[in-house]
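I have placed the structure first, in the form of structure tokens, so that the comments after it can refer back to it.
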Amino acid sequence: MSKQGRKKEIDVHYGEKGAKEKHKTHSSVVEEKLTKREDMMTQLENNNIYIIGVVVVAVFVAPLTAESKLALHHRKHLALKMDEALLTVSNELNSSVLVSWKSERCYQCLYQQLGKVDGASSPGQPSTASFTVKTQHAVTLQLNNTSNKNELCNVQFHFGEHGNYSLWIKNLNGSAQANCSVVTDAVPLNSYIPILVAFFVFVGLALMFAIGKRIMRFDAVKRLVVRIGGSMETERLINSSPRKRLRSLDTFRGIALVIMVFVNYGGGRYWFFRHESWNGLTVADLVFPWFVFVMGTSIALSINSLLRAGLTRGSLLRKIVWRSIQLFLIGVFIINPNYCQGGLSWENLRIPGVLQRLAFSYLVVASLDLMVARGHLDVLQTDAWWSPFLDVLLYWPAWVVVLLLEVLWLSLTFLLPVADCPTGYLGPGGIGDMGLYANCTGGAAGFLDRWLLGEKHIYQTPSSRVLYLTQIPYDPEGVLGSINSVLMAFLGLQAGKIILHYRDLPTSIMSRFLIWGLFMGVISAVLTRCSTDQGFIPVNKNLWSLSYVTTLACFAFVLLVLVYYTVDVKKWWSGSPFYYPGMNSILVYVGHEVFEDYFPFRWRMVDSQSHTEHLIQNLFATCCWIFISYILYRKKIFWKI
């Protein structure tokens, strides 16, 4: 209502009151009118202040409110998913700006377009646009003028999950460049807290278990448990003597298997529990080579034991071949999940896989060991000058074969010509190497797989698609990489030979493990030049590169020393709970693949974009397989091929 309208309403009101009060005395009426006039003036002043306040809010605050509502409107349409943040770009320049980005983990990659921001409509009224950005790694933002394509500025920043950020683009006087700065509007979530909580929970459980074992050693507690249990079985379990079998090997295998199950189930959807997109290592890249390594160690011990038992080499060779065929067929079966919907289709049947790689490595390494293995090590000469190198020199023919296989890998990798690709190319293709070799993913390794197996029979969604946006299929368990998996298994076989030749000398075993670990580490440092991408042969799980094998063999020797010392030498640790899945590794691996999508290993989550719920589900599923393997161990049920 206007000021004049309010005055008329007040005058009418007081006019009516004056007509009704004619009977009052003149003095009292005058006094009352003066009092009411003062009240009226005070009310008018308050109304004026109110009106002025409304005008001020309308003039100065309303645009800000409208702008904030606009920003909220954008945010409603940009629902943030896991590992995403909201970036609002405010452009104060007259010209529009193109925003591009690339991940810092993407080596020599092309920038990818994020979006365009229009120029400011008027001074002090920036144009805004909102985008979602990835938060796994630090990114580089590049801003270019759309009219002349000139680069305005370049910003490096590591966004946090579900955080809100503003990127301001302002004029820089007297320069073609612009002033760009990132401001945090809303603090991101700490997505790593669930991992920290889970760590402390499992550490607490381990401490409780260790304290419980200490308590069980007291005689009074033993008698109480026997009385409650009511059977001598409890006494047998408490006082059971350690078996001759090395628990450290099964524990080592179990560690690799448990981590493998966890990362295969998703690893809480954290990037470091997924395979690296190309060069480099994550936790997920460690476990498969370790499994291959300990398989080689078991081969040495098993064949020696069977030869000592009197089995012929011919019968053992038949068993090796049959076991390899079984592993290969089971692998083909479980990686083609349409077996639940009917017969397998040859048209898109994937041939390579984890168990297939294990089958090939086992066949080659076990056959080599069978060719040179000695059943009676006790009669070997140990006082010669070369006796410290018994575990190598006695098996030189097998070493020659493995070295020739490695020469074959190097020759094919660096000398095989690949159409439209540089010879010896080890890159990911896609947008890597500035997009020059988009269809050269894996170089010779990818070419051989596509040539020998066909594009439809190899892995269709490789990890290189995550950062490098590759478009062609590539299989990380392909043909050429199988040669280096043989080398990994053979290095594990060497660990087994050390255990056999120095079985009564734990100090010698551990010292030789450490020497081999150091030797492998030096080779890795030379091949990689201690860098992720700049070396002669980078560490690469997709290629199973030579440096990848030597690096993971270095880790395996050191980890095996730690496990062997704590489990078999000092007996500080029984190997639980990893020992149980390590004793039933094939069953656990096949079972976790086949029943991956069934309850209780997976269920519908309330919030599928939460690391917490994914982590709980994946940890629970992994613990289920540990419990299943423990029950099978107690029932003495072992699936051996």
Side-chain angles (χ1 to χ4, degrees), residues 194-213 216 237 240 242-243 245-270 273 283-284 286-288 290-295 298 330 334 354-355 358 559-560 562-564 566-568 571-603 612-641:
I195 294 181
L196 188 63
V197 173
F199 172 78
F200 283 116
V201 168
F202 282 107
V203 168
L205 291 174
L207 289 175
M208 290 174 59
F209 182 77
I211 294 172
K213 287 196 67 175
M216 292 293 291
L237 290 174
S240 58
R243 298 176 60 187
R245 179 185 179 109
L246 286 175
R247 293 181 69 95
S248 56
L249 295 183
D250 293 309
T251 302
F252 184 93
R253 185 188 299 109
I255 292 172
L257 182 60
V258 167
I259 300 175
M260 187 185 297
V261 171
F262 175 65
V263 299
N264 284 350
Y265 276 154
R269 297 298 188 270
Y270 290 99
F273 289 136
V283 175
L286 306 177
V287 290
F288 186 26
W290 287 351
F291 199 88
V292 175
F293 181 91
V294 76
M295 180 186 70
S298 299
I330 293 173
I334 66 173
V354 171
L355 290 183
L358 287 174
L559 180 59
L560 189 55
L562 297 176
V563 177
Y564 174 72
T566 56
V567 173
D568 286 321
K571 295 181 173 56
W572 291 337
W573 178 33
S574 66
S576 301
F578 304 106
Y579 175 74
Y580 308 113
M583 289 285 291
N584 234 327
S585 56
I586 298 297
L587 187 147
V588 172
Y589 181 82
V590 173
H592 102 275
E593 287 279 0
V594 173
F595 298 103
E596 176 182 2
D597 294 323
Y598 297 92
F599 184 83
F601 310 108
R602 181 160 297 174
W603 59 82
T612 302
E613 291 198 42
H614 280 283
L615 184 64
I616 292 173
Q617 185 181 84
N618 301 152
L619 285 174
F620 181 80
T622 305
C623 291
C624 283
W625 284 111
I626 294 176
F627 180 72
I628 291 171
S629 62
Y630 171 73
I631 296 298
L632 294 175
Y633 173 81
R634 291 291 302 273
K635 299 294 183 181
K636 297 182 179 180
I637 300 174
F638 304 100
W639 184 22
K640 296 186 180 297
I641 297 176

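Put simply, the side chain of Asp568 reaches to within 4.5 Å of the side chain of Arg247, judged on heavy atoms. Considering only heavy atoms from C-beta on, Thr622 comes within 4.5 Å of Val258 through its side chain. Residues Asn264 and Tyr589 have side chains in contact (heavy-atom distance under 4.5 Å, counting atoms from C-beta outward). Residues Phe293 and Leu560 have side chains in contact (heavy-atom distance under 4.5 Å, counting atoms from C-beta outward). Looking only at side-chain heavy atoms (C-beta outward), Phe620 and Pro600 come within less than 4.5 Å of each other. Side-chain contact check for Phe291 versus Ser585: some heavy-atom pair is nearer than 4.5 Å.
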Practice task
Take Val567 and Phe252, measure what side chain to side chain contact (heavy atoms under 4.5 Å, CB included) needs, and give me the verdict at the end.
Solution key: CA-CA 10 Å; Val567 173; Phe252 184 93; over 6 Å; no

Practice task
Would you check, one step at a time, whether the test side chain to side chain contact (heavy atoms under 4.5 Å, CB included) holds for Phe578 with Leu257?
Solution key: CA-CA 8 Å; Phe578 304 106; Leu257 182 60; over 6 Å; no

Exercise for the section: Please assess Leu615 against Phe262 for the test side chain to side chain contact (heavy atoms under 4.5 Å, CB included), listing each intermediate value before the final yes or no. Expected result: CA-CA 9 Å; Leu615 184 64; Phe262 175 65; 3.8 Å; yes

Exercise for the section: Report the C-alpha distance between Phe595 and Trp625 in whole Å, list the side-chain angles of each, state the deciding distance to 0.1 Å, and finish with yes or no for side chain to side chain contact (heavy atoms under 4.5 Å, CB included). Expected result: CA-CA 11 Å; Phe595 298 103; Trp625 284 111; 4.3 Å; yes

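To the nearest 0.5 Å, the span separating OG1 on Thr251 from CG on Leu562 amounts to 12.5 Å. Atoms OH and CD, from Tyr265 and Glu593 in turn, are 8.0 Å apart once rounded to the nearest 0.5 Å. Taken from CG in Asn618 to CZ in Arg602, the straight-line distance is 7.0 Å, to the nearest 0.5 Å. Separating the CG atom in Leu286 from the CD1 atom in Ile255 is a distance of 12.0 Å, to the nearest 0.5 Å. Here CG of Leu355 is found 6.0 Å from CD1 of Ile586. Values are rounded to the nearest 0.5 Å.
Under 3.5 Å, the side chains of Tyr580 and Ser576 contain a donor-acceptor pair of N or O atoms. Inspection of the Asn584 and Ser629 side chains reveals no N or O donor paired with an N or O acceptor under 3.5 Å.
Checked against side chain to side chain donor-acceptor pair (under 3.5 Å), Trp290 has no partners two or more places apart in sequence or in another chain. Listed by chain and number, the residues in a side chain to side chain donor-acceptor pair (under 3.5 Å) with Asp250 are Arg245, Arg253 (sequence neighbours excluded).
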Determine all donor-acceptor pairs shorter than 3.5 Å in which one atom belongs to a side chain in residues 195-205; sequence neighbours excluded.
none

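Under the 6.0 Å cut-off for aromatic ring centres, His592 and Phe601 do not qualify, their centroids lying 6.0 Å or more apart. For Tyr579 and Tyr633, the gap between ring centers is short of 6.0 Å.
Closest approach of Met583 and Lys640 over heavy atoms only: O-NZ, 4.4 Å.
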